[in-house]
Number of protein chains: 2
Amino acid sequence: MLGTTKRDRAAERRETTRREILDAAWAIASEVGLAQVTLRDIAARVGMRAPSLYTHVDSKNAIYDAMFAQAWTECLEVMRGLEQNPPNDLRATLRLYARTFFDFSVSSLARHQLMNQRTVPGFEPSPESYAPAVEVLGALRHRMATFGVTSEADVDLYVAIVGGLVDAQLANDQGGERWRRLLDRAVDMYVHDLDQRAGATSLHTTTEDER
Amino acid sequence: MLGTTKRDRAAERRETTRREILDAAWAIASEVGLAQVTLRDIAARVGMRAPSLYTHVDSKNAIYDAMFAQAWTECLEVMRGLEQNPPNDLRATLRLYARTFFDFSVSSLARHQLMNQRTVPGFEPSPESYAPAVEVLGALRHRMATFGVTSEADVDLYVAIVGGLVDAQLANDQGGERWRRLLDRAVDMYVHDLDQRAGATSLHTTTEDER
DNA sequence: GTCTATACACCGATAGAC
DNA sequence: GTCTATCGGTGTATAGAC
């Protein structure tokens, strides 16, 4: 049917333009900073005037929202990729997850600020865009549960430690490895704490002392 | 001398006005958010027009800079206050420092954003304003050194852990205690790791300086 | 010295012509 | 769909009143 084809082509074109807008926004964000992205700059990069963007996006924050969803979706894919050939002990798993998330986070300051910090004044992610972020945490929770780590506090502590290392790295030694070097040590000390607690409650699920 | 008195009085008045401006900025920041502070709102609160502020401050970022210095100076005083009757073992000391810094940070979101996050787009603290922040870290370093903890990595890890807990608390459970409850556990596991390493390096627990 | 009015350049967003 | 014109908002520079 011709009508359908036409409509598909139009939708496809629309999609492409939207992609170009987001790509332009990412480029500007990584060049001059996330908060320094302006609609006029985005428009100029895709060959438009600023108001024309509004036929493709609802607002500037909608652009941030789409970028937020993109970032966390990409993160989710990276973390899901780890489930292919997973390590069979807790320590190696948490080391791998920590390093993967760390490297992903540290590889783009603008993206990390969008994902994890509130560096854009008025922006609050929509529930739909927030979903993949929740899923990343859910995947981690599920993975940890297979090793018997199920308590909220245990997961919270792991998340806080890894997040703290990421933040410290980006804030104080951007492009360096000063905090990255501490990842394995931090995980080991966390796992040791878990083992100790598991021993106390006689909930031993993993063999330890590999290293 | 009359001249001197007059000049003193003028300077005093100037100082007072400056204080009022900063107080107004803090008030607005805690009410509507740090980035939502506008010169016109500050001016209105101190009974001025926006441009008049420029006779007392150099720019809006200069206001942020002064607030940054205030915040870290206050933090320094709080942390210095702990040196009055200090605990005599490492664990208790690090627990105390962590909890004190945590509670200080968590008690004002706007202040924490200004001190530790880059939530204000164009703002970068001046070296003078940054000084008290460095001093806080220096005081911690000195305190830890009295217990033989001198390596940069050891201090870095402690800072990252505490900072990670603070960020997680403010980002995910503002006003709650979900991550605050993990403070002692985190410190204990950190101290245990230190002890283990001190044992592993057999001889020197204190003379492990690096870089 | 303090403050004001005015003005400028920039921002996100809207209205309406083509 | 894209444009121009414009609105209300921002930080800030400056000239001049008191």
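We name chains A, B, ... by the order of the sequence lines, and we start the count at 1 in each one.
- Summarising the geometry of B:Leu39 relative to B:Ile63, their closest heavy-atom pair is CD2-CD1, 3.9 Å, with the distance given to 0.1 Å.
- Rounded to 10°, the helix from C:dG1-D:dC18 to C:dC18-D:dG1 has 10° between the axis fitted to its first five pairs and the one fitted to its last five.
- In terms of modelled atom types and a separation under 3.5 Å, the side chain of A:Tyr190 and the main chain of B:Met189 share no donor-acceptor contact.
- The minimum heavy-atom distance between B:Ala160 and A:Leu165, with the atom names listed, is CB-CD2, 3.7 Å.
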Inset, instruction - Please test A:Gln70 against A:Leu22 for side-chain contact (heavy atoms from CB on, under 4.5 Å), starting from the C-alpha separation and ending with a verdict. - result: CA-CA 9 Å; A:Gln70 273 187 350; A:Leu22 293 181; 3.4 Å; yes
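- For the side chain to side chain donor-acceptor pair (under 3.5 Å) with B:Gln169, the lone residue among B:Asp173, B:Asn172, B:Asp167 that qualifies is B:Asp173.
- One finds a salt bridge joining B:Arg80 and B:Glu83 here, because a Lys/Arg side-chain nitrogen approaches an Asp/Glu carboxylate oxygen to under 4.0 Å.
- Within the 3.5 Å criterion, the main-chain N or O of B:Asp156 finds a donor-acceptor partner in the side chain of A:Trp179.
- In this structure, B:Tyr54 atom OH and C:dT6 atom P are separated by 19 Å, rounded to whole Å.
- Looking at residues 10-18 of chain A, you'll see that no heavy atom sits under 4.0 Å from any atom of DNA chain C.
- Counting to the nearest Å, the P atom of C:dG12 and the CD1 atom of A:Ile21 are 14 Å from each other.
- Atom OG1 of A:Thr55 is separated from atom CE of A:Met48 by 5.5 Å, given to the nearest 0.5 angstrom.
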Legend entry - Derivation and outcome, side-chain contact (heavy atoms from CB on, under 4.5 Å), residues B:Thr119 and B:Leu114: CA-CA 7 Å; B:Thr119 181; B:Leu114 181 61; 5.9 Å; no
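- Using a 4.0 Å cut-off on heavy atoms, the residues of residues 31-50 of chain A that approach DNA chain C are A:Val37, A:Thr38, A:Leu39, A:Arg40, listed by number.
- Checked against salt bridge (charged side-chain N to carboxylate O under 4.0 Å, His left out), B:Glu20 has no partners two or more places apart in sequence or in another chain.
- A tilted orientation is assigned to the rings of B:Tyr64 and B:Phe123, their planes being inclined by 30° to 60°.
- For residues 53-75 of chain B, every residue pair satisfying the salt bridge (charged side-chain N to carboxylate O under 4.0 Å, His left out) rule, not counting sequence neighbours, is listed here: B:Glu74-B:Arg111.
- In this structure, A:Asn61 places its CG atom 16 Å from P of C:dC11, rounding to the nearest Å.
- On the nucleic acid side, DNA chain D has its first and last nucleotide under 4.0 Å of a heavy atom of chain A at D:dG1 to D:dA5, going 5' to 3'.
- A salt bridge links A:Asp154 with B:Arg185: the closest approach of a Lys/Arg side-chain nitrogen to an acidic carboxylate oxygen falls below 4.0 angstrom.
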